[in-house]
Amino acid sequence: MAVTVAQWQYHLSRGSGDDYVIFNMMYLFLPLSIFLTGTILTSMVAGMEHESRGWKQLLTFPFPRFQVYLAKFFWVWILMLLKAMVIILMMILIWTMFMSLPLPLSFLIKQVLYSVIAYTPVLIIQLFLAIRLENQAIPIACGVLGAIASRFLPLFSMEWLYALPWSYSGLVSPFLPDYLFWLQVSLGVSLFLLIITAGWFQRLEWK
């Protein structure tokens, strides 16, 4: 957010004349921020259970194991949505303080919220890695590499790369003509991965 605002102020100081350039800046840096936040949250949620040896105890409770997994997933997902709300509120505040033009609120909400929703398949992958691997350095490294990849994958001309979940957050910006298609793709892939990983967790045995 700080980088986005700084670049916005830089463009305005140079008299670019485009007061809405901040949304272009957000398009460049928002996926990176979302990916890094998701990486940290999933590693924190799973890492605490690894450190306390709490997975085995959780799985002894009298309810299906997949419910434990879904609870962890939805907890992280809700935190990601809260992050999106904070970004939106901060952007509204900054716009109100520095601009006299009307804020395209609908565009702002879509830009932020759709990026978070499109990140869901990668969030599931990160949670799977964080639960499966006790050493959280590996999931964190994968998350950082994924964040970097998310910045560049949507820019390639090879369209088959768009099918990778790491591309979705950069493809759902309202700037792009097919953003609703990729939002639907991300939801479908999220449901598929959630079912697969919940089934895996249901059969998981902890020593």
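Nothing fancy with the numbering, it's 1 onward along the sequence.
In plain terms, the two heavy atoms of P139 and S43 that are nearest each other are CB-OG, 4.2 Å. Smallest separation of non-hydrogen atoms from Q111 and P174: OE1-CD, 3.2 Å. Smallest separation of non-hydrogen atoms from K83 and S33: NZ-OG, 2.9 Å. Across all non-hydrogen atoms, the minimal contact from G47 to Q136 is CA-CG, 4.2 Å. Across Q202 and R65, no two heavy atoms sit closer than the pair OE1-N, 3.2 Å. Minimum heavy-atom separation, F156 to Y162: O-OH, 2.7 Å.
Here W75 contributes atom CH2 and L41 contributes atom CG; the two are 9.5 Å apart, rounded to the nearest 0.5 Å. Taking CG from L145 and CD1 from I140, the interatomic distance works out to 12.0 Å, rounded to the nearest 0.5 Å. Separating the CD1 atom in I109 from the CE atom in M91 is a distance of 12.0 Å, to the nearest 0.5 Å. Rounding to the nearest 0.5 angstrom, the gap separating the CE atom in M80 from the CG atom in L82 is 10.5 Å. L153 contributes atom CG, which lies 11.0 Å from atom OG of S169 (distance to the nearest 0.5 angstrom). Taken from OG1 in T42 to CH2 in W77, the straight-line distance is 16.0 Å, to the nearest 0.5 Å.
A 4.5 Å side-chain heavy-atom check between L81 and L113 finds at least one atom pair inside the cut-off. Side-chain contact between I138 and L129 is absent, with no heavy-atom pair separated by less than 4.5 Å. Between L108 and I92 the shortest side-chain heavy-atom distance falls below 4.5 Å. Contact of the P31 side chain with the R151 side chain is not registered, since no non-hydrogen atoms from C-beta on lie closer than 4.5 Å.
Residue I195 is not grouped with residue L193 when hydrophobic side chains (ILVMFWY) are merged at heavy-atom distances under 4.5 angstrom, including chains of intermediate members. Following chains of ILVMFWY side-chain contacts shorter than 4.5 Å, one can reach F152 starting from F29, so the two form part of one hydrophobic cluster. By the rule that hydrophobic residues join a cluster once side-chain heavy atoms approach within less than 4.5 Å of another member, L191 and V122 end up as members of separate clusters. Cluster membership check: F181 shares its hydrophobic cluster with I117, using side-chain heavy-atom separations under 4.5 Å among Ile, Leu, Val, Met, Phe, Trp and Tyr. When hydrophobic clusters are built by joining Ile, Leu, Val, Met, Phe, Trp and Tyr residues whose side-chain heavy atoms come closer than 4.5 Å, directly or via intermediates, Y168 is grouped together with F175.
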Derivation and outcome, side chain to side chain contact (heavy atoms under 4.5 Å, CB included), residues L127 and Y69: CA-CA 9 Å; L127 183 60; Y69 176 78; 4.0 Å; yes
Full working for side chain to side chain contact (heavy atoms under 4.5 Å, CB included) between L79 and V45: CA-CA 11 Å; L79 291 176; V45 167; 5.6 Å; no
Side chain to side chain contact (heavy atoms under 4.5 Å, CB included) evaluation trace for I148 with F35: CA-CA 9 Å; I148 297 172; F35 274 65; over 6 Å; no
Working for side chain to side chain contact (heavy atoms under 4.5 Å, CB included), residues Y119 and L30: CA-CA 11 Å; Y119 171 70; L30 183 62; over 6 Å; no
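Checked against the 6.0 Å centroid criterion, the rings of F66 and F73 do not qualify as a close aromatic pair.
Not a single donor-acceptor pair under 3.5 Å links the side chain of S167 to the backbone N or O of A163. Without hydrogens or angle criteria, T197 side chain to L194 main chain gives a donor-acceptor distance under 3.5 Å. In this structure, the side chain of S186 engages the main chain of L183 through a donor-acceptor pair within 3.5 Å.
More than 12 heavy atoms of other residues, nucleotides or ligands sit less than 6.0 Å from atom CH2 of W182. Taking a 6.0 Å sphere around CZ of F192, one finds it holds 12 or fewer heavy atoms contributed by other residues, nucleotides or ligands.
A side chain to side chain contact (heavy atoms under 4.5 Å, CB included) with P154 holds for exactly one of V172, L176, L171; it is L171. Considering V112, T39, V116 in turn, V116 is the only one that fulfils the side chain to side chain contact (heavy atoms under 4.5 Å, CB included) rule with I34. For the side chain to side chain contact (heavy atoms under 4.5 Å, CB included) test with F201, the passing option among I131, L70, I196 is I131; the others fail.
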